[in-house]
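Notes to accompany the following structure.
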Protein chains: 2
Amino acid sequence: MAMKKLIILFLVTVSVWSINAQELSSPDGDLKMKFSLIENGSPAYQLFFKDKLVIKSSKLGLELVNDKKSLLDDFTIADSEVDSYNQTWKPVWGEVSEITNHYNELAITLQQNETDRIMIVRFRLFNDGLGFRYEFPQQKNLNYFTIKEEHTQFAMTGDHTAFWIPGDYDSQEYDYTESKLSEIRGLFDKALTDNASQEQFSKTGVQTALMMKTDEDLYINLHEAALIDYSLMNLNLDDQKFVFESWLTPDAQGNKGYLQAPCTSPWRTIMVSDKAEDILASPMILNLNEPCKIEDTSWIKPMKYVGVWWEMITGKSSWSYTNDFPAVKLGETDYENATPNGTHGATTEHVKEYIDFAAKHGFDGVLVEGWNEGWEDWFGQSKDYVFDFVSPYPDFDVEEIHEYAKSKGVKMIMHHETSSAVRNYERHLDTAYQFMKKYDYPAVKSGYVGDILPRGEHHYSQWIVNHYQYAVEKAAQYQIMVNAHEAVRPTGICRTYPNLIGNESARGTEFQAFGGSKPNHVTVLPFTRLLGGPMDYTPGIFEMDISKLNPNNNSHVNATIANQLALYVTMYSPLQMAADLPENYNRFPDAFQFIKDVAVDWDDSNYIEAEPGRYITIARKAKGTNDWFVGNVNGVEKRTSEISLDFLEQGKKYKATIYADAKNAHYKTNPQAYSITTKKVTHKSKLKLESAPGGGYAISIIEIK
Amino acid sequence: MAMKKLIILFLVTVSVWSINAQELSSPDGDLKMKFSLIENGSPAYQLFFKDKLVIKSSKLGLELVNDKKSLLDDFTIADSEVDSYNQTWKPVWGEVSEITNHYNELAITLQQNETDRIMIVRFRLFNDGLGFRYEFPQQKNLNYFTIKEEHTQFAMTGDHTAFWIPGDYDSQEYDYTESKLSEIRGLFDKALTDNASQEQFSKTGVQTALMMKTDEDLYINLHEAALIDYSLMNLNLDDQKFVFESWLTPDAQGNKGYLQAPCTSPWRTIMVSDKAEDILASPMILNLNEPCKIEDTSWIKPMKYVGVWWEMITGKSSWSYTNDFPAVKLGETDYENATPNGTHGATTEHVKEYIDFAAKHGFDGVLVEGWNEGWEDWFGQSKDYVFDFVSPYPDFDVEEIHEYAKSKGVKMIMHHETSSAVRNYERHLDTAYQFMKKYDYPAVKSGYVGDILPRGEHHYSQWIVNHYQYAVEKAAQYQIMVNAHEAVRPTGICRTYPNLIGNESARGTEFQAFGGSKPNHVTVLPFTRLLGGPMDYTPGIFEMDISKLNPNNNSHVNATIANQLALYVTMYSPLQMAADLPENYNRFPDAFQFIKDVAVDWDDSNYIEAEPGRYITIARKAKGTNDWFVGNVNGVEKRTSEISLDFLEQGKKYKATIYADAKNAHYKTNPQAYSITTKKVTHKSKLKLESAPGGGYAISIIEIK
């Protein structure tokens with residue numbers, strides 16, 4: 001009887017799907033999307049890969065506040081339009097110099113019977129995946145509406161393996177956990193680490209980009225693109241049915257977004273491939289964003305930099321200038337007559353040492369943190385007027401440093417820690433950016449450590465997402481590049497505003513000094529965090545034993561030197577830091593040579609081999625040259641990597657310098673053991689290299705002219 | 001047995017009070033304050049007037065968030081310092097040209113035993129009343145602290161009569177209710193009227209300034225002074241014991257303030273007199289504020305103005321330009337090609353008519369509302385990017401109007417309705433002020449209609465009080481005067497920032513077009529709202545039957561013309577509007593003459609007679625002249641006013657023009673009936689005048705040279 005019911009239910013569902021179904025195929029036909037109205041006129045979609053169901057029937061729609069009907073059901077299909085698009089475009093900087101944007105599109109106009117409201121769902125199906133978004137055209141019966149929750153489902157076909165971090169309204173700085181979907185609930189609490197600002201919402205809540213692998217070795221990745229004036233989407237898993245549902249970030253009142261038609265939601269993206277490398281290679285997130293809005297982009301330049309930073313992160317130095325006061329007030333605290341604490345990192349003398357080091361080794365820039373008044377009580381206090389971004393400490397001579405850097409051909413990189421006092425930052429933004437222009441700082445690293453002010457808002461609410469965008473757009477007016485830490489994770493907006501040259505917005509290298517990260521962390525990040533944009537991961541640590549920098553800090557960097565070198569290739573970023581102290585580079589000048597040689601901008605990228613959580617090997621062609629750089633980062637298992645150099649140009653000869661783990665290297669017990677070999681290679685060459693646990697290798701392949 | 005217990009309790013209390021009591025007297029000795037630590041080391045004060053208890057033992061202190069101890073008890077007196085002060089100072093504008101600041105001060109340093117924290121309570125006792133505040137000096141054990149609630153008590157000695165409006169976090173735009181304290185609860189709901197933004201907290205919550213009269217004919221007034229970077233104080237009444245307690249305005253999270261030592265609270269003020277006129281005359285609120293912080297004040301000038309405003313308030317015209325769109329988006333909506341709705345008030349032509357009218361009749365300025373893009377959906381939508389303050393409508397030629405006004409010697413007054421989108425206003429503040437400077441607008445009327453954005457904040461929370469201050473201080477940098485409507489009620493900050501030339505922040509004349517206000521409303525406001533600063537009440541309505549302006553609006557202005565004229569004297573403001581339409585003034589040119597003649601700045605003021613809710617008669621001396629202007633506003637009972645002109649200078653002769661209610665005038669049935677008589681007067685003259693219900697009289701007394 002039950003079976004009979006099931007059969008009937010199945011047949012009814014299938015027939016409902018068949019009657020209403022609208023179909024869309026990817027250009028190569030491998031992906032198929034089916035859209036239909038199911039019970040009560042609810043919109044739903046399915047996704048197939050090579051004729052196998054990948055996403056089961058998943059509902060769509062928005063639940064509204066103070067609205068009897070919401071936008072979930074009672075729809076009919078008023079119209080549907082298909083379209084195709086196939087163009088190439090050139091990013092200002094990137095992993096490749098030219099990107100193909102090729103998709104088939106289906107835009108379905110839904111009309112709600114009771115309310116006469118229109119909602120369009122636009123699907124774009126690429127060879128690498130599906131993107132779709134909600135659109136609300138200008139119309140009589142829908143103007144202003146408030147989102148209670150978005151109910152976009154992603155129904156998985158089984159208990160896939162996932163690489164996840166806990167869903168959170170304020171932080172992404174967690175180590176990844178690899179587990180079955182069914183195991184998330186039990187592992188959730190263990191996956192949490194303390195943070196200056198964090199708030200979870202569900203024991204099965206996770207963040208995007210969510211990387212998954214099915215038992216049939218299919219790779220599926222869920223994310224979003226073009227998050228503009230909307231609340232960030234986390235995912236909440238129904239771990240009985242393995243259905244993910246969108247869970248937006250609330251504001252101070254618990255509402256999840258305020259919309260005014262005409263408007264669109266961000267794109268919800270589903271990448272699918274039987275090859276993990278395709279996920280890394282996919283430009284889908286960028287392709288779903290608007291083209292570049294900046295006319296003259298000549299001032300946007302990738303940079304390699306060093307900085308006064310790691311010494312503070314490790315606790316060797318302090319950001320603060322003095323220990324005289326329990327708390328400070330800008331404009332009232334007498335810094336001039338305060339006693340210097342003797343541990344202040346950002347002094348004129350010390351900064352000049354970094355400028356010298358940068359000039360000597362060909363680095364573009366020097367970042368300095370702790371240069372400005374206010375660091376004595378900069379976080380944990382919910383402080384409003386915490387910094388003014390223009391008042392240097394008495395021992396930081398901004399003029400002298402400006403002149404010195406200029407004389408050495410080195411650029412200074414500004415630091416704006418906001419302590420999440422967002423209104424305070426906006427009040428000072430113009431004068432802060434003007435200060436940068438005056439002293440020739442082309443780029444700023446901004447930070448949002450601590451709970452957001454206005455209090456009650458979250459780092460990823462619509463209100464604050466709007467702020468990050470405001471800061472980037474205003475920076476573009478000033479021709480300033482922005483690298484925003486602790487901000488919302490990127491969703492491809494760097495296509496539209498390429499002055500957004502980086503974010504942190506994930507667990508970066510600093511956590512190696514806060515207790516360490518998992519040694520395979522960097523084999524996951526490119527599948528997750530980096531899908532939406534580059535990460536200022538700040539690699540290049542050579543001294544793994546942090547107690548050598550600060551005896552009170554027993555943290556260990558869970559990587560080998562070879563792994564750290566490889567990151568300059570595998571952790572794509574137009575902004576790359578050599579994060580360690582000069583003295584540690586001076587101890588290993590031969591290894592350091594790779595960091596000096598590696599490019600930060602690319603004509604082409606080849607994703608040779610990759611497995612999330614296990615290994616990534618990438619080769620990239622330095623922009624405007626015939627030189628290539630290869631990087632491999634390895635997980636916890638020792639591994640042999642066999643790669644072909646067939647991406648090299650036929651007929652050319654190259655000198656390859658291979659920086660590899662020594663035979664007995666190990667991220668924990670022997671991280672500084674590496675070997676450097678050189679050999680001549682051509683496109684016919686093959687390499688077989690061993691990567692240690694938490695290790696890897698880096699190769700520079702320079703054309704022999 | 002009970003009696004014995006009571007006696008013992010009394011004796012203990014008295015002895016506790018006697019042992020610890022610190023005393024302070026006013027300069028003339030009439031007021032005495034006693035401070036003591038009562039049970040558990042709780043600080044408390046009492047106030048005596050002419051040896052009679054006026055404020056019973058009232059506790060002091062702050063309850064803190066996440067603090068085991070709070071700052072309520074367990075204190076000992078570590079120190080106490082007395083001081084005296086007696087100086088005069090000159091305000092930039094005011095009711096008088098010189099103000100005496102004379103008080104005796106007692107600063108008590110309290111040390112909390114368990115925590116070793118210091119809290120100072122500073123008392124200043126003037127002849128007109130008591131002011132006190134909390135101070136937190138820089139100290140080791142108290143840096144950052146969050147207020148859960150302030151617990152400042154004002155214990156009344158009996159069931160006084162009060163003139164009150166419901167306590168509210170977002171609006172003061174209520175009619176006053178006159179009742180016993182015990183009746184507040186039962187009358188609370190009835191006292192509420194709808195508002196675009198409002199939230200009450202208690203059925204016995206009331207706002208300050210709270211005017212009271214005891215059964216012994218003593219006048220008591222509770223308010224605060226110098227509300228800077230703190231949450232606004234409402235009062236919550238325990239209507240069993242008749243004890244008021246401070247009730248601060250919460251932020252989005254329910255917290256009531258964030259403090260960082262060193263800091264102070266605002267002053268809590270208690271005015272006491274057996275003469276109602278003393279309350280009106282008291283400069284205590286101003287005296288408790290910091291001296292003027294603006295160096296060059298030459299650009300701060302009182303103004304008399306007309307404007308394109310009343311026609312929109314009555315519904316005769318519209319702020320909006322077009323009816324084509326259900327909603328608009330700045331920068332996207334095509335205003336240029338939209339159909340003008342034909343009802344737009346702020347057109348170039350119409351504004352020029354106002355400029356002509358102003359020039360003809362000697363007015364300083366013309367205010368124009370509805371000049372800028374965005375009014376089509378300006379409120380009720382929780383809209384973020386609602387105005388940009390720099391984009392005129394197609395039919396408002398800002399350049400042409402600028403030239404025309406200049407040619408006529410008339411200043412334009414800017415309008416910044418923010419729709420309470422406070423972040424949006426701050427983002428545009430600099431460019432908005434620069435736009436004003438460019439087109440020579442010396443003053444701006446700002447507005448905060450609707451619920452505050454960031455959402456969850458209130459109009460009177462610390463976060464938003466901080467904003468109003470920010471806007472005023474930035475305006476001072478631009479040499480711009482500010483008249484902020486719907487902002488927090490003033491607390492004397494105009495002494496420190498005299499470019500804050502006005503606020504509305506109470507139920508103004510516009511409500512006469514929204515259904516009418518009580519006819520005695522204007523006999524209460526000077527005892528309440530005006531204590532903290534002038535009110536842009538925008539008087540001068542001559543046509544009381546609003547249906548004559550807009551047939552769809554049956555509202556009636558509950559005042560006579562003579563009453564409206566008197567307001568220019570009784571409702572002190574350096575910014576005075578002749579609010580009605582020119583055509584209505586043209587119908588009564590003889591009455592209008594008073595508005596043309598009356599001054600807006602004063603050398604001296606004489607509070608001849610006053611009774612809250614009944615009548616107010618004031619005489620003021622026009623600055624730099626020997627001319628006087630007298631105004632009387634009357635409540636609902638017909639009344640004869642007998643006044644002496646002994647404030648006139650001996651030996652001088654004057655021509656008095658008396659604008660009085662006609663014999664049968666009545667605010668409801670015959671509001672436009674007035675008589676004008678002239679007579680010669682001297683300082684020996686006496687006048688006997690009859691004021692109608694809701695009526696009054698106005699007199700210009702011009703020196704005969």
Side-chain angles (χ1 to χ4, degrees), chain A residues 65-66 136 138-146 229 250-255 258-263 324-330 332-333 376-377 380-386 421-424 426-431 451-457 461-464 466-467 470-471 473-474, chain B residues 65-66 138-146 229 250-255 257-263 324-330 332-333 376-377 380-386 421-424 426-431 451-457 461-464 466-467 470-471 473-474:
Chain A
V65 174
N66 288 336
F136 305 94
Q138 183 130 52
Q139 51 185 293
K140 198 161 75 80
N141 292 339
L142 189 68
N143 282 304
Y144 289 90
F145 50 113
T146 304
D229 207 15
D251 74 350
Q253 300 192 295
N255 292 328
Y258 302 84
L259 298 186
Q260 179 195 354
C263 58
D324 282 4
F325 316 110
V328 299
K329 286 192 176 189
L330 300 179
E332 291 175 36
T333 296
E376 284 69 23
D377 59 357
Q381 305 294 357
S382 190
K383 189 173 183 182
D384 188 7
Y385 185 30
V386 57
V422 167
R423 174 176 76 173
N424 179 62
E426 289 199 11
R427 283 179 172 180
H428 291 92
L429 207 48
D430 279 285
T431 49
D451 285 337
I452 293 285
L453 290 77
R455 302 174 186 93
E457 286 291 342
S461 65
Q462 178 189 28
W463 191 253
I464 303 301
N466 177 298
H467 159 74
Y470 177 74
E473 293 191 22
K474 188 182 275 288
Chain B
V65 173
N66 289 336
Q138 183 129 51
Q139 51 185 293
K140 197 162 76 78
N141 292 338
L142 189 69
N143 283 302
Y144 288 91
F145 50 114
T146 303
D229 206 17
D251 75 348
Q253 301 192 298
N255 294 328
Y258 302 84
L259 298 187
Q260 178 194 353
C263 58
D324 283 5
F325 316 109
V328 297
K329 285 193 176 186
L330 298 179
E332 290 175 38
T333 298
E376 283 68 24
D377 58 358
Q381 306 294 357
S382 190
K383 189 173 183 182
D384 187 5
Y385 184 31
V386 58
V422 167
R423 174 175 75 173
N424 179 62
E426 287 199 12
R427 283 179 172 180
H428 292 93
L429 206 47
D430 279 284
T431 49
D451 286 338
I452 293 287
L453 290 78
R455 301 175 186 93
E457 287 290 343
S461 65
Q462 178 190 27
W463 191 253
I464 305 299
N466 177 297
H467 160 75
Y470 176 76
E473 291 190 24
K474 187 180 277 285

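Chain naming here is simple, since letters A, B, ... match the order of the sequence lines and numbering starts at 1 in each.
- Under the 6.0 Å distance and 45° angle rule, R455(A) counts as a cation-pi partner of Y258(B).
- Counting heavy atoms from C-beta on, the side chains of Q139(B) and P326(A) never come closer than 4.5 Å.
- No side-chain donor-acceptor contact under 3.5 Å links Q138(B) to the backbone of V328(A).
- Looking only at heavy-atom pairs under 4.5 Å with chain B, the residue among H467(A), E457(A), Q253(A) that has the most is Q253(A).
- Top candidate by heavy-atom pairs under 4.5 Å with chain B, chosen from K140(A), E332(A), K329(A), is K329(A).
- Atom CZ in R427(B) sits 4.5 Å away from atom CG in N466(A) (nearest 0.5 Å).
- Interface remark: N255(B) contributes no atoms to any contact with chain A (heavy atom separation under 4.5 Å).
- Shown here are the ring-ring contact (aromatic ring centres under 6.0 Å, His included) partners of Y385(A), two or more places apart in sequence or in another chain: H428(A).
- The distance from the CG atom of N143(A) to the NZ atom of K383(B) is 9.5 Å, given to the nearest 0.5 Å.
- Under a 3.5 Å cut-off, the side chain of R423(B) and the backbone N or O of W463(A) do form a donor-acceptor pair.
- Contact tally against chain B (heavy-atom pairs below 4.5 Å) for P262(A), A261(A), A252(A): the top residue is P262(A).
- Legend: residues meeting side-chain hydrogen bond (donor to acceptor under 3.5 Å, both in side chains) with D430(A), ordered by chain and number and at least two apart, are K474(A), Y478(A).
- Counting heavy-atom pairs under 4.5 Å between each of T146(A), V422(A), L429(A), D377(A) and chain B puts D377(A) at the top.
- The parts of Q381(B) that come within reach of chain A are both its backbone and its side chain, each placing non-hydrogen atoms under 4.5 angstrom from that chain.
- Using a 4.5 Å heavy-atom threshold, the side chains of D384(B) and D229(A) count as separate.
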